[in-house]
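If you read the sequence from its start, that first residue is 1, and numbering goes on from there. Not measured: the values here are computed from a predicted model. Indexing begins at 1, ligand by ligand and atom by atom, following the structure's order.
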Amino acid sequence: MKNILSPSLLAADFTKLGQQLEQIEKGGAQYIHLDVMDGLFVPNISFGIPVIQSIRKCSKLVFDVHLMIVEPERYVEAFYKAGADILNFHVEATKCPGDVLAKIKSFGLKAGITIKPNTPVSEIVPYLEQVDMVLVMTVEPGFGGQKFMADKMEKVTELMKIREQKNLSFDIEIDGGVTKENVKEILDMGVNVVVAGSAVFGAEDVEKSTREFLNILQEK
Ligand code: DX5
Ligand code: ZN
């Protein structure tokens with residue numbers, strides 16, 4: 001599986017979004033991770049549909065949308081129209097994860113299911129046949145710049161086992177606290193899509209920091 005970098009826009013300079021997107025694209029990033037927060041599912045509010053719609057016009061990156069909103073089923077169509085390519089939602093945020101996955105797929109999007117640090121893999125096992133991606137949180141969702149929870153990587157091992165047993169092929173994505181220092185270890189454990197916010201956009205030279213990440217990702 002090819003390793004992918006998905007820089008999180010949450011840590012970008014919002015006064016120059018177009019420029020920042022260009023920098024990560026030049027640095028070799030394949031995805032852009034878009035964190036949508038509603039102030040209910042998580043104690044923070046970020047950006048939403050109009051921002052995604054507008055940056056869609058100036059970027060060819062794969063839009064990896066991470067919905068941190070209650071009842072994500074209400075907004076699948078809106079995010080499809082705004083330009084999402086992958087739609088990740090939290091299993092804890094809906095009563096009907098299977099229906100949400102089916103709805104996402106009905107629009108031709110890739111469907112991802114996400115688990116918070118304290119949610120066990122068993123909660124998503126019934127849906128794994130339907131998913132293109134599993135997003136494992138290694139921080140409590142809501143804020144960038146938090147410390148990586150290494151013990152949550154056990155879930156990656158568990159997911160890899162199930163994926164093999166059931167002969168499935170979903171991607172495994174990690175989100176929260178990823179740095180150039182810990183990313184190699186993360187990849188070694190089986191993750192193939194890596195989100196990094198502050199470690200990419202917090203750098204003086206965003207293009208350079210993206211390229212440095214990519215070099216590590218491609219060594220693997
Ligand atoms: C947190 C978000 C993350 C966040 C990651 O709720 O889902 O995507 O932006 O930021 P860093 O990489 O700084 O931990
Ligand atoms: Zn995220």
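The nearest non-hydrogen atom to atom 7 (O) of ligand 1, considering only V178, N44, D175, comes from D175.
Summary: OD1 is the N/O/S atom of D35 found nearest to the Zn ion (ligand 2). Closest to the Zn ion (ligand 2) among the N, O or S atoms of D175 is OD2. Nearest N/O/S atom of H66 with respect to the Zn ion (ligand 2) is recorded as ND1.
Atom CG in L17 sits 11.0 Å away from atom OG in S59 (nearest 0.5 Å). Note: Y31 OH to S8 OG = 15.5 Å, rounded to the nearest 0.5 Å. Rounding to the nearest 0.5 angstrom, the gap separating the OG atom in S6 from the CG atom in L135 is 9.0 Å.
In terms of protein heavy-atom proximity, atom 13 (O) of ligand 1 is closest to S198 OG, 2.4 Å. Regarding atom 2 (C) of ligand 1, its nearest protein heavy-atom neighbour is D35 OD1, 3.4 Å. For atom 12 (O) of ligand 1, the closest non-hydrogen atom of the protein is G197 N, 2.7 Å. Protein heavy atom nearest atom 1 (C) of ligand 1, with residue, atom name and distance: F143 O, 3.5 Å. Counting protein heavy atoms only, atom 6 (O) of ligand 1 is closest to G142 N, 2.7 Å. Nearest to atom 10 (O) of ligand 1 among the protein's heavy atoms is G144 CA, 3.5 Å.
Under the 4.5 Å side-chain criterion, counting only non-hydrogen atoms from C-beta, L5 is not in contact with V183. Side-chain contact between L109 and V65: absent, with no pair of heavy atoms (C-beta onward) separated by less than 4.5 Å.
Taking a cutoff of 4.0 Å between a charged side-chain nitrogen and a carboxylate oxygen, E92 and K116 do not qualify as a salt bridge. One finds a salt bridge joining R56 and D85 here, because a Lys/Arg side-chain nitrogen approaches an Asp/Glu carboxylate oxygen to under 4.0 Å.
For the side chain to side chain contact (heavy atoms under 4.5 Å, CB included) criterion with I172, the lone passing option out of M133, M189, R163 is R163.
Each of the atoms 7 (O) of ligand 1 lies under 4.0 Å from some heavy atom of M137. Residue-ligand proximity, G176 to ligand 1, at heavy-atom distances under 4.0 Å covers atoms 14 (O). The H33 neighbourhood of ligand 1 comprises atoms 8 (O), with distances under 4.0 Å to a heavy atom of that residue. Those atoms of ligand 1 with a heavy atom of A196 less than 4.0 angstrom away are 12 (O).
Judged by distance alone, with hydrogens and angles left aside, the side-chain atoms of D132 form a donor-acceptor pair with the main-chain N or O of A111 at under 3.5 Å.
Considering backbone and side-chain atoms together, P141 places no N or O closer than 3.5 Å to any N or O of ligand 1. Polar contact with ligand 1: absent for L10 (N/O pair, distance under 3.5 Å). In terms of polar-atom proximity, G177 is counted as a contact of ligand 1, with an N or O under 3.5 Å from an N or O of the ligand. Below 3.5 Å of separation, one finds an N or O of H66 facing an N or O of ligand 1.
Ligand 1 has at least one atom lying under 4.0 Å from a heavy atom of G145.
By the 30° and 60° cut-offs, the orientation of the rings of F47 relative to F14 is perpendicular.
At a heavy-atom distance under 4.0 Å, only side-chain atoms of S8, from C-beta outward, approach ligand 1.
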For a side chain to side chain contact (heavy atoms under 4.5 Å, CB included) check, start with the C-alpha distance between Q30 and V62, then their side-chain angles and the critical distance, and finish with the verdict. CA-CA 6 Å; Q30 304 98 324; V62 173; 5.8 Å; no

Stepwise side-chain hydrogen bond (donor to acceptor under 3.5 Å, both in side chains) test for D64 and H66: CA-CA 7 Å; D64 169 29; H66 176 193; over 6 Å; no

